[in-house]
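See below for the structure under consideration.
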Amino acid sequence: MDVLSRPAEEFENDQSVEALWAMRAYEHAEIYFNILCSVDPKILRLTPEDDLIYRLFREEFPKLDVQLIIEQELKSTKEKAKWRPFCEKFKTIVEDYSYGTLLRSDALKDYSEENTILVTRIQFYAVEIARNREGVNDVLRAKFLPQPQSDDSNESDHS
């Protein structure tokens, strides 16, 4: 059984579980960013519920600038009070809606310690779907092209 699918109360501050959560969140971020840099973001679908997520997100947060998310604003008492009911709408619709997920603060930059915020999975989906549909992520393909895997057996500089 996957330890991360068990109730959090069972582990109270277990550092090995925290490390597993961090590793899973990082792997998700890395995979997502590579896909984002390889595919036209406007055609990328993150969930079967993208249309619903986007519509409800923009109804609830019509003026939120998704290009630059300021962590202190996102996690302020006022914003948490708006986000909580938004997130709960997806409890039975989006799998792992409350999973801890890494979000880039500045959409024009790669993941880094300074440019990463821990959010719920549904917040990640809401912001990234908006970034994709509104053209914010379009610059990434030109700026961060995925690097091909090195294959020493096919190097052409061997004579």
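Keep in mind that the numbers below use all heavy atoms, side chains included, and drop hydrogens, waters and symmetry copies.
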Determine whether more than 12 heavy atoms belonging to other residues, nucleotides or ligands lie under 6.0 Å from atom CD of Glu95. no

For residues Leu46 and Val39: do they belong to one hydrophobic cluster (side chain heavy atoms under 4.5 Å, members Ile, Leu, Val, Met, Phe, Trp, Tyr)? yes

Would a hydrophobic clustering, with Ile, Leu, Val, Met, Phe, Trp and Tyr connected at side-chain separations under 4.5 Å, put Ile93 with Ile122? yes

Would you kindly say whether [X] and [Y] are connected by a side-chain donor-acceptor distance under 3.5 Å?
| X | Y | result |
| --- | --- | --- |
| Asp50 | Thr47 | yes |
| Asn115 | Asp106 | no |
| Glu79 | Ser76 | no |

Are Arg58 and Glu134 close enough, and set up right, to give a salt bridge (charged side-chain N to carboxylate O under 4.0 Å, His left out), and what steps lead you there? CA-CA 11 Å; Arg58 279 307 184 198; Glu134 296 169 12; 2.9 Å; yes

Could you report the tightest heavy-atom contact between [X] and [Y], atom names first, then the distance?
| X | Y | value |
| --- | --- | --- |
| Ala107 | Val66 | CB-O, 4.2 Å |
| Asp110 | Arg104 | C-CD, 4.1 Å |
| Tyr97 | Cys87 | CD1-O, 3.4 Å |
| Lys80 | Lys75 | CE-O, 3.2 Å |
| Ile117 | Leu74 | CG2-CD2, 4.3 Å |
| Thr120 | Thr101 | C-OG1, 4.2 Å |

Assess whether side-chain contact (heavy atoms from CB on, under 4.5 Å) is satisfied between Ile69 and Leu64, documenting all intermediate values. CA-CA 8 Å; Ile69 303 292; Leu64 182 65; 4.2 Å; yes

Gap between atom [atom2] of [Y] and atom [atom1] of [X] - 0.5 Å precision:
| X | Y | atom1 | atom2 | answer |
| --- | --- | --- | --- | --- |
| Arg131 | Glu128 | CZ | CD | 4.5 Å |
| Gln123 | Leu103 | CD | CG | 8.5 Å |
| Ile43 | Arg133 | CD1 | CZ | 12.5 Å |
| Ile53 | Lys89 | CD1 | NZ | 12.5 Å |
| Ser98 | Lys91 | OG | NZ | 8.0 Å |

Passes side-chain contact (heavy atoms from CB on, under 4.5 Å), Leu52 versus Phe90? Steps please. CA-CA 10 Å; Leu52 177 64; Phe90 296 96; 4.1 Å; yes

Could you walk me through whether Ser105 and Thr116 pass the side-chain contact (heavy atoms from CB on, under 4.5 Å) check? CA-CA 6 Å; Ser105 176; Thr116 303; over 6 Å; no

In sequence, state the C-alpha distance, the side-chain angles, and the governing distance for Glu60 and Lys82, and then conclude on side-chain contact (heavy atoms from CB on, under 4.5 Å). CA-CA 8 Å; Glu60 187 63 39; Lys82 288 173 67 178; 3.9 Å; yes

Only one of Asn132, Ile129, Asp51 passes side-chain contact (heavy atoms from CB on, under 4.5 Å) with Arg45; say which it is. Asp51

Parallel, tilted or perpendicular: which one describes the rings of Phe61 and Trp83, with boundaries at 30° and 60°? parallel

I'd like to know whether Tyr125 forms a ring pair (Phe, Tyr, Trp, His ring centres under 6.0 Å) with Tyr54, so could you lay out the CA-CA distance, the side-chain angles of the two residues, the decisive distance to 0.1 Å, and finally the verdict. CA-CA 9 Å; Tyr125 285 147; Tyr54 181 70; over 10 Å; no

